[in-house]
> 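Here it is: the structure, laid out below.
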Amino acid sequence: MRDIALNWEFVARAPLRVGAGKELISLKSPVDLATIKISMGGRSTPYIPGSSIKGVFRSVSVQLARSKNIKVCDGVGENTCMTAGKQQGGQLKKAIDEYLRQGMTHEALKVFEENSCVLCKIFGSPGFLSHVHFMDAYPVGEPTTNVRVGIAIDRKTGAIWKKALYKVEYIEPGARFKAGLRATNLPNYAIGLLVKILRLADQGYVRIGGFKTRGFGLVGVDNIELAINDPEAKGLKLRPLDKFDSQVDLEDCASLENGRITVRGDRAKACLEKLERVWESARLGKDS
Ligand SMILES: [Zn+2]
């Protein structure tokens with residue numbers, strides 16, 4: 001059993017808008033699009049739900065995997081391994097549900113492992129077995145919010161709606177959010193994939209939240225910390241977890257803290273690059 005905690009901070013470098021996930025479909029009256037908020041210490045403050053962050057990681061992962069010619073499902077909508085499992089004729093979910101109903105957990109897991117793509121194995125399928133849990137990201141200090149007024153355009157005709165002004169609430173650049181994920185039994189290449197997405201976000205290739213086409217959602221990624229608890233680890237070497245995985249030696253860039261292999265601070269970058277290289281070199285899905 002290997003437990004992983006990956007923590008980092010998102011710093012908004014552009015306006016950031018995380019809403020309830022609704023599209024602007026009907027704008028018959030002026031609409032206020034408030035950022036999603038949570039009550040903390042008696043105040044209402046914006047935050048980034050873990051589910052939003054997970055959605056970003058999953059969709060970027062799909063692109064990254066496909067660019068390596070790894071066959072993966074969309075993870076959302078119609079084309080998922082659960083609904084389009086090739087060997088079950090689209091019935092993987094039914095097969096799993098049937099096993100679970102009979103209390104045959106081991107068989108359910110086996111049929112899932114054999115018939116789902118690497119991203120479903122890492123991120124889980126709707127309602128089944130996620131190895132990664134993304135936590136809600138809460139602000140450090142009090143983020144400043146502001147409101148911008150937009151004009152709604154009818155997507156079909158391009159015409160401006162009558163009374164179509166709407167107000168969008170957003171978080172001002174500079175706001176900082178503590179984000180993180182917890183994972184169990186994640187192979188080294190999967191850690192590398194997650195780390196790569198953080199690097200791409202920091203370099204401006206991955207945006208968070210809504211209104212991305214209007215320049216929103218650019219974030220920096222600061223203070224990455226990785227802690228791995230693996231009773232079977234030897235020193236600072238991360239053992240491979242499956243046949244696609246390879247060992248990573250973190251001796252020159254990590255330390256042991258409370259029995260955990262810990263990566264942080266100035267030396268973190270070297271370790272994170274090593275993990276990313278495992279993802280790059282993993283020959284996933286190339287054995288059949
Ligand atoms: Zn899948």
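The shown structure was predicted, so the numbers you read here are calculated from the model rather than taken from an experiment. Counting starts at 1 for both ligands and their atoms, in listed order.
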> Which class fits the ring pair Phe244 and Tyr189: parallel under 30°, tilted 30 to 60°, perpendicular over 60°?
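Taking Tyr189 first and then Phe244, their aromatic rings stand perpendicular (interplane angle over 60°).
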
> State, yes or no, whether a side-chain contact exists between Trp279 and Leu275 at a heavy-atom distance under 4.5 Å.
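With C-beta onward as the side chain, the pair stays apart.
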
> Identify every side-chain donor-acceptor pair in residues 230-238 under 3.5 Å, counting partners at least two apart or on other chains, and give the distances.
residue : atom : partner : partner atom : Å
Asp230  : OD1  : Glu232  : N            : 2.9
Asp230  : OD1  : Arg239  : NE           : 3.4
Asp230  : OD1  : Arg239  : NH2          : 3.2
Asp230  : OD2  : Arg2    : NE           : 3.3
Asp230  : OD2  : Arg239  : NE           : 2.9
Asp230  : OD2  : Arg239  : NH2          : 3.4

> One thing to verify: whether Asp97 and Lys93 come together as a salt bridge, which I'm taking to mean a side-chain N less than 4.0 angstrom from a carboxylate O.
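Salt bridge present between Lys93 and Asp97.
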
> Give me the protein N, O or S atoms that fall under 2.8 Å of the Zn ion (ligand 1), sorted by chain and residue number.
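Cys73 SG, Cys81 SG, Cys117 SG, Cys120 SG, with waters left out.
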
> Report yes or no: is the SG-SG distance between Cys81 and Cys117 under 2.5 Å?
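No; the two sulfurs sit 2.5 Å or more apart.
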
> Which heavy atom of Ile197 sits nearest a heavy atom of Phe57, and at what distance?
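Taking Ile197 first and Phe57 second, the nearest heavy atoms are CD1-O, 3.6 Å.
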
